[in-house]
Undergrad: 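Got a structure for you, written out below as structure tokens; questions coming shortly.
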2 protein chains.
Amino acid sequence: MSLAQLEYFVAVAEEGHLTRAAERLHISQPPLTRAVQKLEQELGLPLFERTTRGMRLLPAGQHLLTRAREILRLVESTRQEAAGHSQRSPFK
Amino acid sequence: MSLAQLEYFVAVAEEGHLTRAAERLHISQPPLTRAVQKLEQELGLPLFERTTRGMRLLPAGQHLLTRAREILRLVESTRQEAAGHSQRSPFK
DNA sequence: CATGCTTACGGATCACGTAACCATG
DNA sequence: CATGGTTACGTGATCCGTAAGCATG
């Protein structure tokens, strides 16, 4: 489970659609397909139901969505806080 | 900022020593040196003070340490919860 | 000169994009 | 047959380990 995987997952979950999520992320569809598959394999359970219209979140996926958002929000705050510190003591 | 980077950072911070942290992580020192450097570059601020004895956390590093632990703990719970769900609906 | 961090370098793995493919309504 | 997800395949980037280098007490 990587942060990129979680970002991709959130985008797909929110769009309900690989194609639109790919546009939003500025990547192509195949990496998204693979990222979601890999995440499902790593966690050992399916996250989406594939329809001909798009991707619908399963209950376990719904729960992961809230967790993923928490994790990404925490990471983002951490980056912001570091950016604040870097004003006092820049790196190079 | 990746999860692996954060795990490495926590190990170095806790050991205060690249060599010991490397042993604990079962990798060699060079990847650790590079991971810490890259993290510092990405965040734009130094995290450790290099001494001839080892690595001492700077104040900004102290703060990142608590954040990193929060993030890793959250990721771990998420994995556990997924593992729970996977018992009901296995992936393949 | 022993200890501990860093730089150089080669090789394996990973992740992307393009293109071709498949399923369904 | 249009739409949307998947598989194949080649390439560039990333990350590791071994080996060599450098600083300091």
Side-chain angles (χ1 to χ4, degrees), chain A residues 1-58 60-62 64-65 68 71-72 75 79 89 91-92, chain B residues 1-58 60-61 64-65 68 72 75 79 89 91-92:
Chain A
M1 178 165 33
S2 71
L3 296 176
Q5 259 175 329
L6 294 180
E7 286 165 18
Y8 288 5
F9 166 74
V10 169
V12 173
E14 289 179 355
E15 300 289 342
H17 211 271
L18 273 187
T19 308
R20 278 197 298 271
E23 287 173 11
R24 166 171 151 187
L25 293 166
H26 303 105
I27 63 173
S28 54
Q29 298 87 341
L32 266 186
T33 291
R34 292 186 294 247
V36 171
Q37 285 174 347
K38 195 176 171 189
L39 186 57
E40 290 176 322
Q41 283 169 11
E42 285 176 14
L43 297 179
L45 79 167
L47 300 169
F48 293 97
E49 174 189 359
R50 273 75 168 173
T51 76
T52 63
R53 292 280 183 175
M55 316 274 284
R56 170 174 289 110
L57 265 187
L58 295 173
Q62 271 290 354
L64 179 65
L65 178 57
I71 293 168
L72 295 175
V75 167
R79 281 205 188 92
S89 62
F91 179 58
K92 182 168 43 61
Chain B
M1 176 166 34
S2 72
L3 295 175
Q5 258 174 330
L6 293 180
E7 285 165 20
Y8 287 5
F9 166 74
V10 169
V12 174
E14 289 179 355
E15 300 289 342
H17 211 272
L18 273 187
T19 307
R20 279 196 297 271
E23 288 174 10
R24 166 171 151 186
L25 293 167
H26 302 103
I27 64 173
S28 55
Q29 297 87 340
L32 266 186
T33 292
R34 293 185 295 245
V36 171
Q37 285 173 345
K38 196 177 171 189
L39 186 57
E40 290 175 323
Q41 283 170 9
E42 286 176 13
L43 298 179
L45 78 166
L47 300 170
F48 292 97
E49 175 189 1
R50 272 77 168 172
T51 77
T52 63
R53 292 281 183 173
M55 316 274 284
R56 170 174 289 111
L57 265 186
L58 295 173
L64 179 65
L65 178 56
L72 295 175
V75 167
R79 281 205 188 92
S89 61
F91 179 57
K92 186 164 38 68

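Below, read A as the first sequence line, B as the second, and so on, with proteins coming before strands; counting in each chain starts at 1. Treat the numbers as computed from the prediction; the structure is a model and nothing was measured.
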Undergrad: Could you write nucleotides 1-6 of chain C as a row of B, S and -, 5' to 3', where a protein heavy atom under 4.0 Å of any base atom gives B, of only sugar-phosphate atoms gives S, and otherwise -?
TA: ---SSB
Undergrad: For A:Arg24, is the CZ atom crowded, meaning more than 12 foreign heavy atoms sit under 6.0 Å from it?
TA: yes
Undergrad: Round to the nearest Å and state the distance from B:Leu25 atom CG to D:dC16 atom C1'.
TA: 13 Å
Undergrad: Rounded to whole Å, please give me the gap between CD in B:Glu42 and P in D:dT14.
TA: 10 Å
Undergrad: Quick one: closest heavy-atom pair of A:Arg50 and A:Gln37, and the distance?
TA: NH2-CG, 4.3 Å
Undergrad: Expressed as a whole number of angstroms, how long is the span from A:Glu23:CD to D:dG5:C1'?
TA: 15 Å
Undergrad: Please classify the nucleic acid contact of A:Phe48 as base, sugar-phosphate, or nothing, using heavy-atom distances under 4.0 Å.
TA: nothing
Undergrad: When rounded to the nearest 0.5 angstrom, what distance separates CD in B:Glu15 from CD in B:Glu23?
TA: 8.5 Å
Undergrad: When rounded to the nearest 0.5 angstrom, what distance separates CD in B:Glu40 from CD in B:Gln5?
TA: 10.5 Å
Undergrad: Please confirm whether the shortest side-chain N or O distance from B:Lys38 to OP1 or OP2 of D:dC15 is below 4.0 Å.
TA: yes
Undergrad: Rounded to whole Å, please give me the gap between CD in A:Glu49 and P in D:dT6.
TA: 13 Å
Undergrad: Give the rounded distance in Å between these two atoms: CD of A:Gln41 and P of C:dA15.
TA: 13 Å
Undergrad: Can you confirm whether B:Leu39 sits close enough to B:Leu64 that some side-chain heavy atom of one is under 4.5 Å from a side-chain heavy atom of the other?
TA: yes
